[in-house]
Every structure is written in structure tokens, then in C-alpha cells.
Amino acid sequence: MTAGPVLKIENLRTFFYSRSKQAFSRAVDGVDLALEKGETLGIVGESGSGKSVTALSVMGLVTAEPGVVSGKIGLKTDGIQKNLLQNIEDYVNMTQNNGRIMHVSKDNRGWQRHVDRHLRGVRGKEIAMIFQNPKASMNPFSSVGRQIQEAVLLNTSIKNPREAKERALYWLEQVKIDSPQLRYDNNPFGLSGGMCQRAMIAMALSSEPSVLIADEPTTGLDATIQSKIVSLLAELKSSVGVTTLLISHDIDVIKTLSDRVAVMYGGRVLEYGPSRDILSKVDNEKHPYTAALLASIPTARQIREKSYLQAIKGDVIDTINLPRGCRFYPRCRQVTDQIREQCKQREPDLREIASNQSVRCWLYFDA
Amino acid sequence: MRYPAFFKARSAMKLASIRPITVLISRELAIAVLLLLGVSFVVFLVLFLSPGDPFSSLLKEQMTSAAGSHPGESAPWYSQYLLWLANITRGNLGTSIRTGLPVLNEVIRVGINTLYLTLGSLLVTLLIAVPIAIVSARHGLTPVNWVLTMFTYVASALPVFWLAYIVIYISMHRFGLFPLAFGSSTQKWNWLHFMLPVLVLGLSNGTMGEVVRHMREELSRVFSEEYICTARAKGASIWKHAFKEGFLIPITEIIAAKIPYILGGAVVVEQVFNWPGMGRMAWQAAQDRDYPLIMAITLMAAIFVRLGSLIHRAVHIVVNPRSSRE
Amino acid sequence: MKRYTQHTTEFSDSAGVPFWKKAAPVDRVYIGYGLFIVLLVVISYILGATHFLPFDPQEINMDLLMAPPQTEGHLLGTDFMGRDILSRLIIGIQAYFLPGLLAIGIALVLGTCFGVLAGYWGGGLDIASTFLSNLLNSFPRLVLILLMVAAFKPNIYLVMAVVGITSIPTVASLIKSKIQFLKQKNFIEAATALGLKNAAIIFKHILWHNCRSVLIIQATLGMAEAILIETSLSYLGFGVQEPTPSWGNMVQSGANYFMQGNFWPSTAPALTILLTIMGFHLLGDGLNNILERKRDQ
């Protein structure tokens, strides 16, 4: 049993440069996460909060420029132990002004080459990823089964194509797809969204990874199919037990499947702790944003009485024009007069306030 | 014992996916034939409206050589067209005004020479353009890339006859070749005779810029598709996954689209190098007002273009699994 | 190493960035060069039309055969008959300028009609339009032009009309795909729902606001094509006849002298062709990159 988290993300920063606005979009701006072995960590947040970009940064799949600019991602499994962002300082030069990063120089091509080389044993083999749009995420020119077979051949010790096909069929059965033999030869466009997603899960798991990253696996599907995929993932969690990083903007999905949860907003983690505590309605969540999110979920009573839904006032923060103080301050409803100045001027850091629970809010600690 | 049902379903599915491909390809064939009919009509129209009235003489010739009955001179245009078309499809394209030889044989003879020139120069263009496109798509705009891109712009604007002059000059003075003595097999550098026109046309047919641009854009577009991201995430080779949509289909597409331009360039190149092909014959025929010949060459050129297009459609249908649903 | 700089230093709204700064440097070079060439062409056309030239392009000067550039006021030297090359080059523009505009006009106007018919109303019109486009695309331009030349008198305007007609499919398919794109974005549906009449939708919203960059780009490429065709044709001896100069026949008449080592009489017009066509191509591509392609995220 290796001690310590399987995946530890420290101070990850991923920026995108908008030439039309001549400014950085700070999609991920200092994120710290730790994924322990066997657990499912859920990342929840609205669109634009940086959740998907975090996942892509881990896998080195960010192609937009400049991309990942700083941070450390430690991967520690039985197989290997490495920093996925090793040597990033050699490729990136940043200059700051007033605590804000103003200039970035990055050797993009060199970094991409380095990452492709560095992550060669990691992608697929140690960390597997499934994506949001299953039909678009599979190669339309090749059959589904062949793609799973490819994953097996590349990432496991099986080198014989026929054995790989057997393994692919095995996994297709595991994801409860109907008539796996038939579906093996189907092209992705001939399958429904739900079946494609099952196939993608099969493809990811067939590589026998130590970590599974699921980027909005249910978002692109119909509501009824969503619940089927969620129960499939729950079953696989208990039967296969792979460590998972689950990303979604659907709070119910996160609540059902994850052990711990991180709430992201504006590229930062605002709250972090056991999902039981944070996401249950028992007022155990601390951060005002989490509270507002939970309050905005329509209750049965609201639906029956057709009363107004509790939306969060204001717009989701634009990661280009970031305020000086707390990022949620413009929309926060729990600001008191005592801390108002602090909320406006200084951004709180993520501090542990109870066992295993951290918040980024001035309400819970002094400067 | 659940297999019998599965086998039945499986063979039914296979049958359903085989049939549409042949259906689709035969549909493309039918469209090509219709288009060629349209082409023949346009050619007919041009000749019919010509003040020199080539048709009466043409038809008379065709009629006498086929030993058929004499059509009246004042026959309406559609019957003239049908008569002419009937002759064409039977292979009777009349005889050349200049040489008196039957046109069909002449055109086929030179057509093969031009085919060689066209395909060879296409290969040259692709051999230069495709690597540039691939490097551009993969690495974006680097100084080396920019130089290569500039090179393709210059190549696209280069007047093909001038490049031909330069090449001929060099071959005359360095290698002692005289292109007018084409075909003589006694000289040491004879193989150059066959290579030079191909090289010149391949380099300066004016399509290089478009080919690079098209291939680079399609490859870049495919590289940013989601399924390439998935392939990368599972450690697979993105080239393998991008090949069909990013390379195979675009290359057949651009070849089919650019064949007309290469044939046009061939006219000039054949004239300069005195290459006995369709282009030079067309030039001479235009000068001599040799209607049967120029008419046949136009038809032949259109057939080449349609063939290229047909091959592209066929590749597209075979490679793309979605096409069997359309 | 690529360098990115945050434009604003304050924690505030990043103000609108000027148009030309947004363009990549390479595109600015393309467009700059292209506009320069266009300017030269237009000025030369005017100079040629008004005969405001350094020398008479037909004036033969047997004392000064094949003089190198910068001899006695002949900025580009003289050709094998002592005629001033620069003046001949300027006059040569007459051969393709107006006919080229004709070709562009035909291609754009008729191409837009076909494209709108096919894209906006679709259905049978679409099929007919596609068939006609494929039909026009089946001919290599030069071969068809030779056919026309054999059948009718070799009139450059007729030739350019043919070039224009054979360019219709390109324009039509561009316009049609634009309209399909707008349709897919429900733009047209919304406009109809707002009560706009068809004509207003087509002319104002689709064409003017959305398609004009495409049409301008096609115009530049069309002029390049016109130059190519005209020079090839006059090289082959079918266009402008000696002694009237056209860039193509200038290259052709210098052929023998080229083989004897006197490169300049053929090379000067050839380089002019090269630089001019390149100018139009670069202009078209630069405009395309700025206006059409979204190089940013």
C-alpha cells in the first residue's frame, strides 16, 4: 500500500490567451487537490469554473496556448511515481506585477513534445479518461470494438490481437451493453449516446488504469440515460473499485458517486471536503457559493407550488476580468459589514476549518 | 445456444451494409454519365453557334464515313445533336481537317501521353505540397514553415512557360539536350526528356498553394476533433486516427478538384516542350480551326476530370461508414 | 518561445483592442504587399489608358537593342527591338484589367444568384444548381477557351466571359455554405419570424453583413486567375497580337533570345506576372485569414 494520495495537484495554473482581448483567461488559477487511493473525488461547479481544464491539464491534453504554466502534479501508483508537470519551469517564463501574472513566455512546441514523451507510460495505462460527448469522442471511421481492442493492445500486457478482442468483449459485457458481439463491429454513429458512453467506459477500464478521470460523463445524454450511466458507474465503483476523479455540474451525480467533493468557481477551489457533509442539505456546507448552489436545486415543494426558483444573482465570473478580492464577492449574499472590506480587497486562501474540510471564505477565519 | 439468433442478425446487418455501397457507387456513375451528357451538349452548343458552322461539314463527314443516309441541312438542332451524339458514342468523331486521319485514334494516342504528364506532375506537386502541409498543421507557424509557405506562394504564381524556358536552357547548355529532338533514344540523358516536363508542370501549375492550404486546413481541423483527444488520452497515435478523415479524403478531394487546372497547364507545357500530347494538339487545332479535333479533345479532357471526381467519390463512399446510411 | 502579454495592468475591463493589432503579423505583411500591388496595377492601368508613359511602347530604337536596366532613362532596359520594357509592361495591363473585371463581375453576380437560389430555397433548385456547378467544373479552362477560340473569333472579352462563367461554381458553393451555416444557426428562421421580407433578409442580412468578405476575397483571387489565363493565352498566340504588348506575348517573343543567353526580355515580364499574381493571392489569403478564419480560440 503506497502511502499518500495517488494524484496530488499543487498550485496548478492553466491560462489561455485571447488575442482579440489581448488578455489572459485564467481558466485554472492555483488549484490544489488530492485524490486518495480507492476514493472518488468529485469536482463540481458551473460552466467556466475550470473543472474540465483541470482534468485536461493533468493528462497534458491542453492544446490551446499558452496552456499549463505552473504547478506540480504528483502521480504515485504501484507502477510509477512521477511529477506530470516535471520541468515546466524550463519551458515557461513568467513575470508578475502586483501579484498578477502579466507576461508569459512559453515554448509551446517544446513543452508539448516533452509532455508527449514524459506521459508515454501514463496516458491510458495509469490514467484513463472519458469525455463529455461520447459520439464525437470516438473515431467515426473505425468500429467501436476495434478502438477498445487498440486500447488493450497499447496499455496492457496483452499483445495478441485475438486475446485483445476477447478482453474487449469482456469489458463490453461489464458495462452492460446489449449484444456485445454485435456492438463490437458497430461504428459509433450507429450507436445511441448511452451505448457510446458505455463503450467509452469499457475502453477506459480495459486499459486497467490506476486512475479514471470522468469529464462530465452524463452531461451530453438524455435524462433517463443519465441515471442508467450513473448506476453503471456506481456498480463499477463497487466491483472494480478504480480511483476516480469525477467532474460534473450536476450536483446529484456528484452526490451519488463521490466520496469527497471540491467546489470550483472562477478557476479556484472554494470548498473541499466529504461530499456527505458538504452536499447534503443539512447546512453543513460552509461556503456561500455551495449554499447558493444547493438552494438553487428545485425542491419537490417548489415544483408543486410552481414558485420561483432560487437562482444565483449575477453572471458567472469571466476569467479574464478578475476582481481584486474574493471572486464570489459580487454575487455573495452572506457578506457581513465586518468583512466587506476584506472580501473586496483580498482573496482568502483555502484553509482547513474542520477535519478534512477546507473553505476559502473570510466568514470562517480572520486575515 | 443463443448464437443462431445472433448469426441471423449479424448476416442481416452485413447484407444491409454491403448493398448500399454498390448502390451509392452506381449512383455516382449515373451522375457522371449525366454530367458527360451535359458536357457534350455544351460542346455541341458552342460548335452549333459558331459562325463558321462546323456542323454541317462535320456531320456530312461522319455520315459519309459511316455510310449512312444524308441528313437535311436544315434539320432542327435537337435532331442534329442526337445524331452527333449517336456518332460520338459509336466512336465516330469525324476526321481531322488538317491531317485527314480519324480523330478518335489521334486523340487516344495523345491522350495517353497527356495522362502520363498529368499524373506525373500531380505526383510531383503532391510530393512537395503534402510534407509542407503536414509540417504546418503539426507545428504551426515557425520560421522554417513560413519560408516553405512563401515558396508555395511563389510556385503558385510562377508562369509555367518561363520556368520551362529556364529548365530548357539549363538542359540545353549543361546537358546538351535539345528538346526538339524528342523521342530519339541515342542520347545519354534521354530519361531527362521524360522527367523535365513533368517536373516543370508539377512545380508551376498554379495549384501548389491551394493544395497546401487545403491539406493543412483539413489536417488541422481533424487534429482539433474530439476523437483525436480521446486517442491521445489512451496513448494511441494521432496520425493513425487522423489519417482517414485528415489525409485520405482531403487528398482525393483536392486531386479531383485540381485536375482541370493541371490539364490547362499541360497545354502550355506541351507546347513549350513539344510534347506530343492532347494540349499541344489542342493548341494546333485551335490555330487551324480543326473543329473535330478540338471538339474531341474537349470531350476527352472532360472525361478525365469526371474520372478523377468519380474516384474521389468512390474513395469517400468506401472509407466513410456514414455514407451507407445516406 | 512564444510571448503573451496581458494588455491591461489594472484589475478592470480589458478595453477593445484596435483592429489591426488583432491580426497576426504575417497577415499584415500579406495584405500590405497585396494592396501595394493592387495600387500599382490600378495606377499603371490609368497611366496606360491615358498614354502617360516614359516612352512610346511601340517605338523601335535600333541603336539601343537589349539594353540593361537603367540605360538612358529606360528604367527596365529595352527589348530586342529597342522598345522600352517598362512602358510595354504598363501597357500590358490593359490586356487583362477590364476583361478581368468582367470575369469577376460575372462570377460574383451570377455565382451569388446561384448560391442564394440553392442555399435559401434549397430542394430542387439546390440539385439543379449542384448539377450545373459540376458541369461547369468539368472543363479545364484553357481547353474550353481554345474551343471557343476555334469556334469564334479570339476576343478577349469573350474569353473572360467564359472564365467568369466557369468561376461561378466556386462562388456559388461559398455563398451556399454561408447560407447553410446561417440556417443552422437559426438566424434565418429568426429573421423570418421577426417579419422580415425575403428580399431584405437576402440582400441586407445575408449578403451584405455576412458574405461581403467572401466576395471581396473571391474578387482578388478572380483577378489573379484572369491574369493567369490572359498571359497563358497571349503566350500561346491567341490573345493580344504583336506588336501590341501583353505580358504573355512579351515572354514568348523573347524566347529565342532567352535560349541565346539574353534572359532579360523574357524575364522582365515573367517576373512581373509572378509578382502581380502573388500580390493578389497574398491579398486574398491575408483577408481570408483575418476576416474568415477565427484563429483565436
Side-chain angles (χ1 to χ4, degrees), chain B residues 31 34-36 38-39 42-43 46-47 49-52 54 141 146 153-154 156-163 165-166 168-169 172-173 206 209 213 217 257 259-268 271 278-279 282-283 285-291 294-295 297-298 301-302 304-306 309, chain C residues 2 24 26 30 131-132 134-154 166 224-225 227-229 231-233 235-238 247-248 251-252 254-255 258-261 263 266-267 269-282 285 288 293:
Chain B
I31 293 179
L34 274 175
L35 282 170
L36 286 175
V39 163
V42 169
V43 172
V46 169
L47 293 177
L49 295 174
S50 151
L141 208 63
W146 188 81
Y153 275 114
V154 170
S156 306
L158 206 54
V160 60
F161 36 89
W162 182 61
L163 183 65
Y165 284 170
I166 296 178
I168 291 178
Y169 180 82
M172 273 202 328
H173 292 254
R213 194 178 322 131
E217 281 184 5
I259 283 184
Y261 290 87
I262 299 186
L263 284 175
V267 172
V268 178
Q271 191 269 347
M278 250 163 63
W283 172 65
Q287 280 180 331
D288 303 330
R289 300 285 190 277
D290 196 342
Y291 300 110
I294 185 75
M295 165 195 84
I297 291 178
T298 313
F304 278 174
V305 173
R306 281 293 117 213
S309 182
Chain C
K2 237 175 148 179
V26 69
Y30 286 176
F131 183 78
L132 278 174
N134 282 336
L135 183 58
L136 288 172
N137 268 336
S138 306
F139 297 97
R141 277 208 185 93
L142 217 49
V143 173
L144 185 60
I145 289 175
L146 286 179
L147 180 69
M148 303 290 274
V149 159
F152 306 93
K153 253 184 19 184
T166 49
E225 177 82 18
I227 299 176
L228 184 67
I229 296 277
T231 51
S232 301
L233 213 54
Y235 168 80
L236 290 175
F238 290 110
W247 297 352
V251 177
Q252 197 276 329
F258 191 96
M259 298 307 164
Q260 291 164 12
F263 303 124
S266 276
T267 304
L271 282 180
T272 320
I273 297 175
L274 172 62
L275 293 172
T276 313
I277 294 186
M278 244 179 83
F280 281 102
H281 275 168
L282 288 177
D285 274 358
N288 195 29
R293 286 204 6 218

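Proteins get letters first, then strands, A, B, ... in listed order; numbering begins at 1 in each.
Side chains of C:V143 and B:M278 form no contact here, defined as non-hydrogen atoms less than 4.5 Å apart. Taking 4.5 Å as the limit, every side-chain heavy atom of B:V305 sits out of range of all side-chain heavy atoms of C:F139. Between C:L142 and B:V268, some side-chain heavy-atom pair lies under the 4.5 Å cut-off. Between C:F263 and B:Y165 the shortest side-chain heavy-atom distance does not fall below 4.5 Å. C:L147 places a side-chain heavy atom less than 4.5 Å from the side chain of B:L47. The shortest side-chain heavy-atom distance between B:W162 and C:I273 does not fall under the 4.5 Å cut-off.
Using a 4.5 Å cut-off between heavy atoms, C:F280 makes no contact with chain B at all. Using a 4.5 Å cut-off between heavy atoms, C:T276 makes no contact with chain B at all. When heavy atoms are compared at a cutoff of 4.5 Å, B:I262 does not approach chain C at all. In this structure, chain C has heavy atoms under 4.5 Å from both the backbone and the side chain of B:Y169. Heavy-atom distances place no part of C:L275 under 4.5 Å from chain B, backbone and side chain included.
C:L136 contributes atom CG, which lies 10.5 Å from atom CG of B:L35 (distance to the nearest 0.5 angstrom). Here CE of C:M148 is found 12.0 Å from CD1 of B:I294. Values are rounded to the nearest 0.5 Å. Once rounded to the nearest 0.5 Å, the distance linking CG of C:N137 with CZ of B:R306 reads 7.5 Å. Here the CG atom belonging to C:N134 is positioned 11.5 Å from the CG atom belonging to B:L34, to the nearest 0.5 angstrom.
Ranked by non-hydrogen atom pairs under 4.5 Å with chain C, the options B:L163, B:V154, B:I297, B:L263 are led by B:V154. Top candidate by heavy-atom pairs under 4.5 Å with chain B, chosen from C:I277, C:L236, C:L228, C:V251, is C:L236.
For the residue pair B:R213 and C:D285, the shortest heavy atom distance occurs at NH2-OD2, 3.0 Å. The shortest heavy-atom contact between C:A151 and B:S50 is O-OG, 2.8 Å. Minimum interatomic distance between C:M278 and B:Y153 (heavy atoms only, all atoms of both residues): CG-O, 3.7 Å. C:A150 and B:A286 make their closest contact through CB-CA, 4.1 Å (heavy atoms, listed as atom of the first residue, atom of the second, distance). Contact detail for C:P140 and B:P260: the closest heavy-atom pair is CB-O, 3.4 Å. Scanning both residues, C:F238 and B:Q287, for their nearest heavy atoms gives CZ-CG, 3.5 Å.
Partners of C:Y235 by ring pair (Phe, Tyr, Trp, His ring centres under 6.0 Å), not counting sequence neighbours, listed by chain and number: B:F161.
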